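Since the structure comes first, as structure tokens, the remarks are kept for the end.
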Amino acid sequence: MSFIIPIILSGIENIGLPFVIYKNEDFTIQISEFPITEREELFDIKIHEVREATTKYTRRIHNVSDHIDKFSEFISSKYKIFIITKDNSKELIAKFSPYCFNLDFCCQLYFKYPITLTFFGETKYSTTQHSMQSYAKKSDKIILNLENLESFKKTFELCIGNIIDKKKKHMLASLINVTCLQTFNPGLICSTYVTILESLFANENTEVTYRFALRLTKYLKKDHDFFKRIKVFYQKRSTYYHTGEIKFSYDDEKYLSALSRQLIIDFLQNPGNFDTVNLDKLLLS
């Protein structure tokens, strides 16, 4: 039995594939190439032509997936996360379930979309949480290198090791998931990003805007212009929540997306750095 997660990248630099992300006695998780023959079998299609932007294909007559046309970007994927399990037992599937959540979370952080997890064995099905067309239009596809792949591996191992506060991790996963859903509402998306940043840098009920912006600025070693920009984001969020008026731009969305994901990764890898006492000590240094 195996699980296949197509991933959309601009390319891979200087990485030997397959690259093992995690391995134990029950299963192995790795990133590997995704050949056309495998894509044809998985999606039950015949691929005729592959281009950078689109892939031309036709459905086969039998076993057609109803949603395949909505997720055609996956058909162009040259790479996959491949989970190989030792057997088909229900016990093993149940054991793997917690890993799915954490793998999903890491894919949201590093690849910017909730994964489509395809169960590929005696039966074949896939689950997804949003339209890939939304992702393809809004996100810059990443170039995977050894540095961010090692970071992915480290983050995943920390997530499954229960070292990180579970409530905090699940809250961040839920928030980042909101930004990946099938919505083009920049007010909701950007407001959620601001909430993520606030949750990492401010736990108080007073002077929240000031504390949040000041700690974040100092943590990233930024200047006063950055401090003012963060306060403006906070004000835009308040406007959206209280009036429904959207003042966020597409550029705001891209900026906040990259910033939030990087800071969540920082938090997962170094949670002690985000303790408010340590953050305030940093302000005095």
Side-chain angles (χ1 to χ4, degrees), residues 3-24 27-34 77-84 96 98-117 135 138-166 168-177 179-180 192-193 196-197 199-201 215-216 219-222 253-275 278-279 282:
F3 295 84
I4 294 176
I5 306 165
I7 53 177
I8 299 176
L9 306 168
S10 291
I12 287 184
E13 291 183 346
N14 303 318
I15 300 173
L17 296 179
F19 182 94
V20 175
I21 297 171
Y22 180 80
K23 185 176 183 178
N24 64 18
F27 49 82
T28 301
I29 303 174
Q30 63 187 34
I31 288 183
S32 59
E33 293 182 351
F34 196 13
S77 172
K78 297 179 182 178
Y79 307 100
K80 64 182 178 180
I81 295 178
F82 193 41
I83 303 102
I84 310 162
F96 183 65
Y99 292 81
C100 288
F101 170 84
N102 291 298
L103 191 57
D104 187 357
F105 185 27
C106 289
C107 283
Q108 290 179 38
L109 291 175
Y110 287 86
F111 305 135
K112 304 179 184 177
Y113 60 91
I115 61 175
T116 291
L117 181 58
Y135 161 76
K138 296 196 299 182
S139 296
D140 295 326
K141 302 175 185 66
I142 69 167
I143 297 176
L144 198 64
N145 55 40
L146 191 58
E147 181 181 1
N148 51 36
L149 193 49
E150 289 286 1
S151 179
F152 184 104
K153 181 177 179 180
K154 178 181 178 181
T155 302
F156 179 71
E157 289 175 346
L158 288 168
C159 285
I160 63 176
N162 293 324
I163 298 171
I164 304 152
D165 180 84
K166 277 189 175 182
K168 188 80 168 182
K169 183 180 68 175
H170 279 71
M171 185 225 17
L172 291 170
S174 297
L175 288 172
I176 199 97
N177 188 53
T179 68
C180 300
T192 304
Y193 284 136
I196 289 170
L197 296 174
S199 73
L200 292 172
F201 288 93
R215 287 169 179 163
L216 176 54
Y219 180 84
L220 294 175
K221 300 179 181 178
K222 297 291 187 178
E253 182 180 336
K254 291 188 69 175
Y255 183 82
L256 286 166
S257 171
L259 183 61
S260 298
R261 282 173 167 80
Q262 183 53 56
L263 286 167
I264 290 175
I265 292 168
D266 286 353
F267 168 76
L268 295 173
Q269 295 187 0
N270 302 286
N273 292 346
F274 290 79
D275 180 84
N278 291 334
L279 288 169
L282 188 64

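Keep in mind it's a predicted model, so treat the numbers as computed, not measured.
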message = Applying the side chain to side chain contact (heavy atoms under 4.5 Å, CB included) criterion to I264, which one of T155, L175, I176 satisfies it?
response = I176
query = With a 4.5 Å heavy-atom cut-off, do F105 and C159 have their side chains touching?
reply = yes
query = Less than 4.5 Å apart, any side-chain heavy atom of R261 and any of T179?
reply = yes
inquiry  = Which residues pass the ring-ring contact (aromatic ring centres under 6.0 Å, His included) test with Y255, not counting sequence neighbours?
reply    = none
ask   = Side chains of I31 and I15: closer than 4.5 Å at any heavy-atom pair?
value = no
task = Please examine the side chains of Y219 and D266, heavy atoms only from C-beta on, and report whether any two atoms are closer than 4.5 Å.
result = yes
query = Under 4.5 Å between any side-chain heavy atoms of D165 and F267, yes or no?
reply = no
task = Return yes if a side-chain donor-acceptor contact under 3.5 Å exists between Q269 and S151, otherwise no.
result = yes
query = Heavy atoms, side chains only, cut-off 4.5 Å: are F101 and I160 in contact?
reply = no
Nearest heavy-atom neighbours spanning K153 and I21 = CG-O, 3.2 Å
key: Side-chain touch L259/Y193, heavy atoms, less than 4.5 angstrom   = no
key: E150, CD atom: more than 12 neighbouring heavy atoms under 6.0 Å   = yes
ask   = Would a 4.5 Å heavy-atom cut-off, applied to side chains only, mark F34 and I4 as touching?
value = yes
request  = Classify the ring geometry between F27 and Y22 as parallel (under 30°), tilted (30 to 60°) or perpendicular (over 60°).
outcome  = tilted
inquiry  = Out of the candidates I5, N24, I81, V20, only one should pair with I29 under the side chain to side chain contact (heavy atoms under 4.5 Å, CB included) rule; please name it.
reply    = I81
